[in-house]
Protein chains: 2
Amino acid sequence: MNVANIEVKDKTLKIRDFEHSLPMALLRARETVMQHFRPILSEHDLTEQNWRVLRALDSFGETDISTLAKHCCVLLPSMSGMVKRLEARGYIERTSNSQDQRSSLLSLTESAQQLILDVSPHSEATYKAIEESFGKEDLEKLYELLFKLEKI
Amino acid sequence: MNVANIEVKDKTLKIRDFEHSLPMALLRARETVMQHFRPILSEHDLTEQNWRVLRALDSFGETDISTLAKHCCVLLPSMSGMVKRLEARGYIERTSNSQDQRSSLLSLTESAQQLILDVSPHSEATYKAIEESFGKEDLEKLYELLFKLEKI
DNA sequence: AGCATATACTTAATATGTTAACTAAATCAA
DNA sequence: TTGATTTAGTTAACATATTAAGTATATGCT
């Protein structure tokens, strides 16, 4: 018997409730999407988060680690370790910031730029396939609703 | 300069590209939603995942750990550890499965059922607030699109 | 200048995500 | 019935998430 809704005799309603949970629905949807992208990334020994960081540096250019973390939706301690590992693998460089000795500026190495050139076409193709399967109009509508949800 | 789109003179297009990424949009939206729920859960020393597990057990009733993991969108090794910790805290019980000695059946303790009764009203209220702020029709539309996305 | 406070980041500790290896029980085939 | 294979779970190893504590530099006040 379901304690959170004791008047419900069978579990049908409560199960729909669980499946209908907004965080759950967002998680499942994201999982489905990522299942299409992860094989491409893992071929290059990149995690989903690694790819996010490299793409963000490519998009926004040289930035400090805090700004990068915000863009990538990653907490600073996670980013700290990730950058350290990507630096060790030769994908990220640090330049000391003359204005503030506490932080440094991060940028992509040549090797990382080449990696992005290699991976991007596959990533783009996967995205196009999703867009085609899902429908361009529905996808635009989904973005609209997701962006709206970010602002509540 | 953005390597993945070298003909782009400034970074505007590439930045929008990054922000417009579907996994990123889903992640950000989910983060926004969870920021509303996490304070309630952390008051009871529950992680987001813990709450998912307890709610799933409440909804689906006694189940084996593999089924539970699928419902919660969690991998089996993660679930294995989580169940062990929730069991140690007195929230989950194991019953040996006479049909199959490899697995056992999991269920909620009285204490967990009481916990759900305590937390649910706050969780419900938060959900209602989100629903009101976001709009009921848009929320239904969002669910519809998310469920559709799960099926691609 | 000198001290208190704030800021930027790292490190630590523990939980969870992810893949691979491992254990034990169940099933299947000869 | 025995031996190979499959299935259900756990454990291991490492990456990331999360909160708290620690370190060094900047800034503001007196």
Side-chain angles (χ1 to χ4, degrees), chain A residues 23-24 27-28 30-31 33-35 37-54 56 62-89 91-92 94-106, chain B residues 23-24 27-28 30-31 34-35 37-54 56 63-89 91-92 94-106:
Chain A
M24 202 70 215
L27 182 63
R28 281 189 200 285
R30 186 164 197 281
E31 258 313 295
V33 171
M34 286 317 299
Q35 276 168 16
F37 285 104
R38 267 193 273 264
I40 306 169
L41 301 181
S42 73
E43 272 183 39
H44 296 266
D45 279 302
L46 293 172
T47 64
E48 157 188 358
Q49 292 90 336
N50 289 335
W51 181 240
R52 234 154 64 206
V53 171
L54 298 182
E62 209 178 46
T63 44
D64 62 283
I65 195 170
S66 294
T67 306
L68 186 62
K70 275 170 206 150
H71 284 316
C72 294
C73 223
V74 160
L75 293 178
L76 203 44
S78 297
M79 188 58 88
S80 186
M82 224 180 328
V83 165
K84 193 193 295 180
R85 285 181 289 273
L86 289 171
E87 195 183 8
R89 288 171 68 181
Y91 290 143
I92 287 185
R94 295 185 200 241
T95 310
S96 72
N97 182 347
S98 55
Q99 308 304 311
D100 190 335
Q101 291 304 120
R102 291 170 301 180
S103 76
S104 48
L105 294 173
L106 307 175
Chain B
M24 200 72 215
L27 182 64
R28 281 187 199 287
R30 186 166 197 282
E31 257 315 296
M34 286 315 300
Q35 276 168 17
F37 285 103
R38 265 193 274 265
I40 306 169
L41 301 181
S42 73
E43 271 183 39
H44 297 265
D45 279 300
L46 292 173
T47 64
E48 158 190 356
Q49 292 88 338
N50 289 335
W51 182 241
R52 235 154 64 206
V53 171
L54 298 181
T63 42
D64 62 283
I65 194 170
S66 295
T67 306
L68 186 62
K70 274 169 207 150
H71 284 316
C72 293
C73 221
V74 161
L75 294 178
L76 201 46
S78 296
M79 188 59 89
S80 185
M82 223 178 331
V83 165
K84 192 192 296 179
R85 285 181 288 274
L86 289 171
E87 194 183 8
R89 289 170 68 181
Y91 290 143
I92 287 184
R94 296 185 200 241
T95 310
S96 71
N97 182 347
S98 55
Q99 308 305 311
D100 189 335
Q101 291 304 121
R102 292 171 301 181
S103 76
S104 48
L105 293 173
L106 307 175

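Below, each value reflects all heavy atoms present in this structure, side chains not excepted, and no hydrogens, waters or symmetry copies. Below, chain A is the first sequence line, B the second, and so on; all start at residue 1.
For A:S103, a side-chain nitrogen or oxygen approaches OP1 or OP2 of C:dC9 to under 4.0 Å. For D:dT25, the OP1/OP2 oxygens have no side-chain nitrogen or oxygen of A:N97 closer than 4.0 Å. An OP1 or OP2 oxygen of C:dA8 is reached within less than 4.0 angstrom by no side-chain nitrogen or oxygen of A:S66. For the OP1/OP2 pair of D:dT16 and a distance below 4.0 Å, the side-chain nitrogens and oxygens of A:T47 include at least one atom meeting the criterion.
Under a 3.5 Å cut-off, the side chain of A:R94 and the backbone N or O of A:L106 do not form any donor-acceptor pair.
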Could I get a table of every N or O pair under 3.5 Å where one atom is in the protein and the other is in nucleotides 11-13 of chain D?
residue	atom	partner	partner atom	Å
D:dT11	OP2	B:K84	NZ	3.1

Contacts under 3.5 Å, N or O only, protein and nucleotides 22-26 of chain C:
residue	atom	partner	partner atom	Å
C:dA26	OP1	B:Q101	N	2.9

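Counting to the nearest Å, the C1' atom of D:dA8 and the CZ atom of B:R94 are 12 Å from each other. The nearest whole Å value for the distance from the CD atom in A:E87 to the C1' atom in C:dT10 is 13 Å. C:dG17 atom C1' lies 13 Å from atom CE of B:M79, rounded to whole Å. Taking atom CG of residue A:L46 and atom P of nucleotide D:dC14, one finds them 19 Å apart after rounding to whole Å.
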Identify each donor-acceptor pair in which a side-chain atom of residues 66-86 of chain A lies under 3.5 Å from a protein atom, sequence neighbours left out, and give them as a table.
residue	atom	partner	partner atom	Å
A:T67	OG1	A:D64	OD1	2.7
A:T67	OG1	A:D64	OD2	3.3

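In terms of position along DNA chain D, the nucleotide closest to B:D64 lies nearer the 5' end than the nucleotide closest to the other residue of the pair A:M82 and B:D64.
A heavy-atom distance below 4.5 Å is not found between the side chains of A:H44 and A:N50.
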* Can you run through DNA chain C from 5' to 3' and write each base as (, ), [, ], | or . depending on how it pairs? Watson-Crick or G-U wobble, both distances under 3.5 Å. => ||||||||||||||||||||||||||||||

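Legend: residues meeting side-chain hydrogen bond (donor to acceptor under 3.5 Å, both in side chains) with B:R52, ordered by chain and number and at least two apart, are absent.
Across residues 37-45 of chain A, not one residue has a non-hydrogen atom less than 4.0 Å from an atom of DNA chain D.
In this structure, B:Q35 places its CD atom where more than 12 heavy-atom neighbours from other residues, nucleotides or ligands lie under 6.0 Å away.
Remark: the A:D100 side chain and the A:S103 side chain contain no N/O donor-acceptor pair separated by less than 3.5 Å.
Set against C:dT10, D:dT16, C:dT16, the side chain of A:I65 has C:dT10 as its closest nucleotide.
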